[in-house]
Participant: 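So that we are looking at the same thing, I have put the structure below in C-alpha cells.
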Amino acid sequence: MQDAITAVINASDVQGKYLDGSSLDKLKAYFQTGELRVRAATAISANAAEIVKEAVAKSLLYSDITRPGGNMYTTRRYAACIRDLDYYLRYSTYAMLAGDPSILDERVLNGLKETYNSLGVPVGATVNAIQAMKEVTATLVGADAGKEMGVYFDYICSGLS
Ligand SMILES: CCC1=C(C)/C(=C/C2=NC(=C\c3[nH]c(/C=C4\NC(=O)[C@H](C)[C@H]4CC)c(C)c3CCC(=O)O)/C(CCC(=O)O)=C2C)NC1=O
C-alpha cells in the first residue's frame with residue numbers, strides 16, 4: 001500500500017533528486033486537507049451501516065435483483081451484497097485517508113471482476129449501488145470531502161467495469 005507521501009518521495013528517489021516544486025505542491029495539498037480527511041473518516045465510520053442501508057434503499061431494493069431469481073435473493077446473498085458494499089466503503093475510506101488508490105488495487109479489485117463474473121453477480125447493479133453510496137456519503141460529509149471520497153468510489157467502479 002502507498003500513500004500520497006510515499007508516492008511523491010518514491011518518485012523523487014528513483015531520480016535521486018530532492019522534491020521539486022510540483023512534488024512539494026502535491027504534499028502541501030495533502031497536508032492542507034489532512035483535517036478534512038480525518039473528520040470525514042470519523043463521520044463515515046460512525047455511520048457506516050446507515051450509509052450502506054441508504055445506498056441499498058436508493059439503488060437495489062424492490063428491483064428484480066431482490067426478487068426470486070435475482071442475485072440478491074435469499075438472505076445469504078442479500079447479506080453478501082451488504083457485506084461487499086461495506087468493504088467498498090471501508091476501503092474507500094482508507095484510500096481517502098492515504099490520498100492514494102493503491103490499497104484498492106491490492107485488497108479489493110484484485111480478482112474481483114473474475115469472481116463476480118463466475119458467480120453471476122451483476123456488475124452494473126453493483127456500480128449503481130456504489131454510486132448511490134457516493135451520493136449518500138457526500139451528503140453526510142459535505143461537498144469537499146464527498147468529492148475526495150468520490151475519487152475512490154469511482155476508482156472501484158472503473159476497476160469493476
Ligand atoms: C475485501 C475484499 C473482498 C471483496 C470485495 C469480496 C467480494 C466478494 N463478493 C462475493 C459474493 C457476492 N457478492 C454479492 C453482491 C451483490 N449481488 C448483487 O446482486 C448486488 C448488485 C451486489 C451487492 C452490491 C453477492 C450476492 C454474492 C454472493 C453470490 C453467490 O454466492 O451466489 C464473493 C464470493 C465469496 C463470498 O460469497 O463471500 C467475494 C469474494 N470479498 C472480499 O474479501
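We use all heavy atoms of the structure for the numbers below, so side chains are in, but hydrogens, waters and symmetry mates are not. Just follow the structure's listing: the first ligand is 1, and inside any ligand the first atom is 1.
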Participant: Taking the minimum heavy-atom distance to atom 36 (C) of ligand 1, which of R83, E106, R77 ranks first?
Facilitator: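 The option holding the nearest heavy atom is R83.
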Participant: Taking 4.0 angstrom as the limit and counting only heavy atoms of I65, give me the atoms of ligand 1 inside it, by number and element.
Facilitator: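 Selected atoms, number and element: 19 (O).
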Participant: Which ligand 1 atoms are under 4.0 Å away from a heavy-atom of R107?
Facilitator: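 Selected atoms, number and element: 1 (C), 2 (C).
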Participant: Quick one: which of L19, D25, L27 gives a side-chain contact (heavy atoms from CB on, under 4.5 Å) with S23?
Facilitator: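 Single side-chain contact (heavy atoms from CB on, under 4.5 Å) partner of S23 among L19, D25, L27: L19.
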Participant: Under 3.5 Å between any N/O of N71 and any N/O of ligand 1: does that happen in this structure?
Facilitator: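 Looking only at distances, the answer is yes, because the N/O contact criterion of under 3.5 Å is met.
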Participant: Side chains of M149 and I44: does their closest heavy-atom pair fall under 4.5 Å?
Facilitator: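 Yes, close enough: below the 4.5 Å cut-off.
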Participant: Of A79, S63, A80, which has the heavy atom at the shortest distance from atom 27 (C) of ligand 1?
Facilitator: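 Minimum heavy-atom distance to atom 27 (C) of ligand 1 goes to A80.
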Participant: Record the part of L112 in heavy-atom contact with ligand 1 below 4.0 Å; permitted values are side chain, backbone, both and neither.
Facilitator: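 Side chain only.
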Participant: Quick one: which ligand 1 atoms are inside 4.0 Å of a heavy atom on M72?
Facilitator: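 So the answer, numbered in order with elements, is 18 (C), 19 (O), 20 (C).
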Participant: Please identify which atoms of ligand 1 are closer than 4.0 Å to at least one heavy atom of A125.
Facilitator: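 Reading through ligand 1 atom by atom, the close ones are 21 (C).
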Participant: Report the nearest protein non-hydrogen atom to atom 40 (C) of ligand 1: residue, atom name, distance rounded to 0.1 Å.
Facilitator: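 Protein heavy atom at minimum distance: T115 CG2, 3.9 Å.
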Participant: Below the 3.5 angstrom mark, is there an N/O of D84, backbone or side chain, next to an N/O of ligand 1?
Facilitator: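 Yes; the residue has a nitrogen or oxygen that sits under 3.5 Å from a nitrogen or oxygen of the ligand.
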Participant: For atom 4 (C) of ligand 1, find the nearest protein heavy atom and state the residue, atom name and distance (0.1 Å precision).
Facilitator: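 Scanning the protein heavy atoms, the shortest distance from atom 4 (C) of ligand 1 goes to Y87 CD1, 3.5 Å.
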Participant: Is D86 salt-bridged to R83, cutoff N-O under 4.0 Å?
Facilitator: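 Between R83 and D86 there is no salt bridge, as every charged N stays at least 4.0 Å from the carboxylate O atoms.
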Participant: Give a yes/no verdict on whether any heavy atom in Y116 is under 4.0 Å from an atom of ligand 1.
Facilitator: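 Heavy atoms of Y116 do come under 4.0 Å of ligand 1.
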Participant: Nearest to atom 21 (C) of ligand 1, what protein heavy atom do you find, and at what distance?
Facilitator: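 Of the protein heavy atoms, T126 OG1, 3.5 Å lies nearest.
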Participant: Can you tell which of C81, A129, P122 gets a heavy atom nearest to atom 24 (C) of ligand 1?
Facilitator: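 The residue whose heavy atom sits nearest atom 24 (C) of ligand 1 is C81.
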Participant: Taking NZ, NE, NH1 and NH2 as the nitrogens, is one of them in R39 or E35 under 4.0 Å from a carboxylate oxygen of the other?
Facilitator: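 Between E35 and R39 there is a salt bridge, with a charged N closer than 4.0 Å to a carboxylate O.
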Participant: Can you find an N or O of R76 that's nearer than 3.5 Å to an N or O of ligand 1?
Facilitator: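 Yes, at least one N or O pair falls under 3.5 Å.
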Participant: As an exercise, identify every atom of ligand 1 less than 4.0 angstrom from a heavy atom of Y91.
Facilitator: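 Atoms satisfying the 4.0 Å criterion: 1 (C).
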Participant: Under 4.0 Å from a heavy atom of Y88: give me the atoms of ligand 1 that qualify, with their elements.
Facilitator: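 Counting from 1, the qualifying ligand atoms are 5 (C).
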Participant: Hey, which atoms in ligand 1 end up nearer than 4.0 Å to a heavy atom of L119?
Facilitator: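 Those qualifying, in numeric order: 11 (C), 34 (C).
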